[in-house]
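The analysis underlying the following values was restricted to heavy atoms, covering all of them including side chains, and did not include hydrogens, waters or symmetry mates.
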Amino acid sequence: EATMAESPVQVNLVPIEATSESFADYGQVIEASSDGDLFGPNDAQLDLSRGTPRFYIMRLEGRSFGFSTITHHANVTQCLGSVGGHVWYVGVAKPSLIEDADGERGTRVVESGSDGHLYAPPTVEEVRVFRFSGPKFVKLNRGTWHVGPLFSDSSMDFYNLELSNTNEVDHTRHSFEKKNGVIFRFEDNTSS
């Protein structure tokens with residue numbers, strides 16, 4: 001762990017285009033389907049059972065291409081999408097919830113989250129950045145570590161589906177700068 005006197009190490013990430021295949025470890029990428037299609041595996045597989053769902057448009061401002069903290073929600077699958085299909089990014093790490101406190105600990109460090117759930121902190125090596133473009137949205141699996149949406153415009157609006165109290169009672173944060181001595185940066189690759 002880094003001490004406060006040390007300056008953080010910058011880790012440069014290369015964004016990955018978000019597709020159903022590339023994003024499978026973190027959730028789902030949902031794209032347009034034909035009207036009348038029946039519910040199936042290409043639809044968002046939601047878990048909103050632990051509270052009152054909240055669907056709203058969230059305005060974000062000044063989201064740069066760097067981060068040092070990451071968050072997860074243990075009680076809900078969160079969905080995010082750009083209003084207008086603009087390019088945006090999200091940093092992620094795989095879910096690390098420990099559902100069975102006795103059976104899954106092994107040699108991992110275990111911490112207690114905002115509502116008392118158990119999890120293993122994310123590692124620097126597992127952090128990825130994904131690029132979302134066009135008319136699609138993301139469904140984050142329960143417990144997926146995430147930061148963003150991040151974007152180059154001064155402000156953007158996003159559809160957000162979570163629970164009514166997600167940000168009050170289900171918001172566990174990990175600081176890579178404080179715990180690992182690391183900050184992450186990436187370049188906007190919208191022209192590629």
So for atom NZ, which belongs to K136, do other residues, nucleotides or ligands contribute more than 12 heavy atoms lying within a distance under 6.0 Å? yes

Is E17 salt-bridged to R131, going by a charged N under 4.0 Å from an acidic O? yes

What about Y89 and F186, are their ring centers closer than 6.0 Å? yes

Aromatic contact between H146 and H72, with the criterion being ring centroids under 6.0 Å apart: yes or no? no

Please assess L13 against F67 for the test side-chain contact (heavy atoms from CB on, under 4.5 Å), listing each intermediate value before the final yes or no. CA-CA 11 Å; L13 300 172; F67 59 93; 4.1 Å; yes

Which label fits H174 and F176: parallel for a plane angle under 30°, tilted from 30 to 60°, or perpendicular past 60°? perpendicular

Cation over ring, R128 on F130, under 6.0 Å and within 45°? no

Is the shortest side-chain heavy-atom distance between V127 and F184 below 4.5 Å? yes

Can you list everything that forms a ring-ring contact (aromatic ring centres under 6.0 Å, His included) with F151? Sequence neighbours excluded, please. F158

Among all residues two or more places apart in sequence or in another chain, which pass the ring-ring contact (aromatic ring centres under 6.0 Å, His included) test with H86? none

Search all heavy atoms of V87 against all heavy atoms of S133 and return the closest pair with its distance. CG2-CB, 3.7 Å

If you look at every heavy atom in I70 and A93, which pair is closest and at what distance? CD1-N, 4.1 Å

Applied to residues 77-89, the salt bridge (charged side-chain N to carboxylate O under 4.0 Å, His left out) test, sequence neighbours excluded, yields none

Spell out, as yes or no, whether a donor-acceptor pair under 3.5 Å connects the side chain of D47 to the backbone of S49. yes

